[in-house]
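Owing to the predicted nature of the structure, the values given are computational and were not obtained by experimental measurement. Proteins come first, then strands; the chains are lettered A, B, ... in the order of their sequence lines, and each starts at number 1.
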Amino acid sequence: MSPENKAPAAPAPSDFIRDVVEKHVAEKKYPQIHTRFPPEPNGYLHIGHAKSICLNFGIAHEFGGVCNLRMDDTNPTKEDIEYVDSITEDANWLIAGWADKNLGLKPKGKTPDTITSNGKADFQLAPIPNSELRTPNSGSAEPFYASDYFDQIYEYAVALVKKGKAYVCDLTPEETDEYRRQAKESPYRNRSVEENLDLFTRMKAGEFPDGKRSLRAKIDVTSPNIWMRDPLLYRIRHAEHHHTGDKWCIYPMYDFAHCLSDYIEGITHSICTLEFEVHRPLYDWILENLDLPRPLPHQYEFARLSLGYTVMSKRKLMQLVNEKLVSGWDDPRMPTISGIRRRGVTPEALRNFAYNIGITKYNGITDVAVLEHAIREDLNKRAFRRLAVLRPVKVVITNYPEGKTEELDAVNNPEDESAGKRKVPFGRELYIDQDDFKEVPPPKFFRLKPGGEVRLKYAYIVKCDEVVKDANGKIMELRCTADLDSKTGGATANRKVKGTIHWVSAAHAIDAECRLYDRLFTEAEPEKDGRDFKSVLNPHSLEVVTAKCEPSLKDAKPDLRYQFERLAYFALDKDSAAGKLVLNRTITLKDTWAKEAQKK
RNA sequence: UGUCCGAUGGUGUAAUGGUAACACAGCGCCCUUUGGAGGCGUUAUUCUUGGUUCGAAUCCAAGUCGGACAGCCA
């Protein structure tokens, strides 16, 4: 295929944040665009994070910049190394082959350099340059950690104290709350610099118990924005940190650590979700009051993703895991990146989805159909077609010789000629799906029925002569005759019959455990009107069947995708072993017959 | 209650003072050895009121509705 014939690349995305970046690039405001993706390692990444990853890495990718992966780990009591590892893996999976060249990592163990910028002392930690290895956690590179800057952030706090812009406060958490609500100054607000310095040093040294004192910024307790009413900068927490161990017993708050981490890393555009909008004045205040010599980062906010038929908050996802309502963070029904990956969705599909939904400041609920469309569109192009029967009914072709086997040609992917062909065995005894036979067919039923004809895909046209039942009336087998001239190339091959169904040869079929996943909730908005989201869990979100599959599926590969013709897309699950196939249903094919049948 | 933010078909977005468009969903037709895919067509939209203007989704004002925040969480 010549390059001209290739489908045009999707136009570069455009939104209000990219407009700003584009303007800055045109003005040459920064030497390089530098974003960051900064999750707290207190849970697994979900599809909402995927939106953020696509935005931050997308901007770096489109404007020739860098996007740092950073663990925002300033609260030791909630974080864990398990999450650091999963976040690294998930982020890397999503950007692989796309923006991996723009991924900012740092040398393992490296902390900020103390440098001189414009004649002033400065802290800086640059990513490893483009040319070097950027695979996370392999060899010499690793993500950034806010906790690697605790020394520098402490220095910045001391600087604020010395400038009279921060003070040690002895109010209890409850009192602090009350004072802030009432716009009252803390009685400790006007301590001397010397006393503040002494107390802050002793806080760091571990002289005081948790909650006894805090470091607060001295801004304006009457500000209409509560975040400017002398916010906390440091709290005492005698707790072991997953990355810094027991070195610290005071930890900076998000607001203090985040802007400074951005600055230290040389971030130009700090993009976060809408709930931080009211924090932006504080973000700016801290940076502007520290006499920093390099250009300051700026914060931009966008609406987080809400998706129908699922929940997104880490707290609720954690609840589903802990209460064993799902099998784990990577249960294929979970909206986590690891769950979505295990389900069989590709990173390309997820990226296309992120592209399609756009970036705005409006809090809407995205229809899952948009996600499902992106998944089907991607899988349709790449999946190998296979014949498999989920709920088998036996069919005997009475005019087909016993013991005879034919190897019939079947295309691997009608969308992609280069995917080639394979052989599927045909014999006298077959399985078809229960749904493809109706003894009393409804109107417009194009499949097999008593006395009716149907095409067996890639094989013959058959007619159902007899329905054999057991004593209870259960269908045991369907006895059919084939038009033996009707297979491809035969005399009657072009005869038109209304329906075509899939099948497998009973003698050659192999078994596979198929896990049929459906949406986790029965309601588009599980928490609407404050109801308990667990009360609307879909009891049928997982059904397990043993499918009869064409024999070529024994070589199924974990990185390939399969379409069981006329049914759904499947991917190999990690529970598979030699001789034991386990397949996850990623998503069904569109089923216009089901829709038609529903109209009754 | 205060502060901030937002409002365009059923849903999500575009139009940056000049013909309201795209995708998904829906509906209809064509095609089809997948009731898949594809093709064609179609339904349906600027929160309200006032103002500025030759002209407003866009600018201004007031209102209405919705969201976020008000942790020593991030």
Using distance alone, with no hydrogens and no angle criterion, decide if A:D230 and A:Y179 have a side-chain donor and acceptor under 3.5 Å apart.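 The answer is no; no qualifying pair exists.
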
Check the side chains of A:H258 and A:R36 for a donor-acceptor pair under 3.5 angstrom, ignoring hydrogens and angles.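 Yes, side-chain donor-acceptor contact under 3.5 Å.
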
[X] near the nucleic acid: base, sugar-phosphate alone, or nothing, with a heavy-atom cut-off under 4.0 Å?
X	result
A:L589	base
A:L567	nothing
A:P414	base
A:F445	base
A:K444	base
A:E372	nothing
A:K457	base

One character per nucleotide, please: for nucleotides 67-74 of chain B, 5' to 3', B when the base has a protein heavy atom closer than 4.0 Å, S when only the sugar-phosphate does, - otherwise. SSSSSBSB

Within the modelled atom types, does a donor on one side and an acceptor on the other bring the side chain of [X] and the base of [N] under 3.5 Å apart?
X	N	answer
A:R376	B:rG36	no
A:T488	B:rU33	yes
A:R566	B:rU34	no

If you measure from the ring centre of A:W593 to the centre of the six-membered ring in the base of B:rG35, is it under 5.5 Å, with the planes under 30° apart?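 A:W593 vs B:rG35: stacking yes.
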
Base of B:rG35 and ring of A:F446 stacked, centres under 5.5 Å, planes under 30°: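 Yes; centroid distance and tilt both under limits.
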
Measuring only between side-chain heavy atoms, which start at C-beta, is A:L307 closer than 4.5 Å to A:Y309?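 No, too far: nothing below the 4.5 Å cut-off.
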
Mind calculating the distance between CD (A:E415) and P (B:rC31) to the nearest angstrom?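 Value for this atom pair: 19 Å.
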
I want to verify the glycosidic state of B:rG38; is it syn or anti under the 90° rule?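 Here the answer is anti: the torsion falls beyond 90° from 0.
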
Taking for each residue the nucleotide of RNA chain B bearing the nearest heavy atom, is the 5' side occupied by A:R280 or by A:G489?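 Upstream on the strand: A:R280.
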
Distance between the C1' atoms of B:rA25 and B:rA74, in whole angstroms?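 The answer is 36 Å between these two C1' atoms.
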
For the residue pair A:Y251 and A:F150, is the inter-centroid distance of their aromatic rings smaller than 6.0 Å?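 Yes - the distance between ring centres of A:Y251 and A:F150 falls below the 6.0 Å cut-off.
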
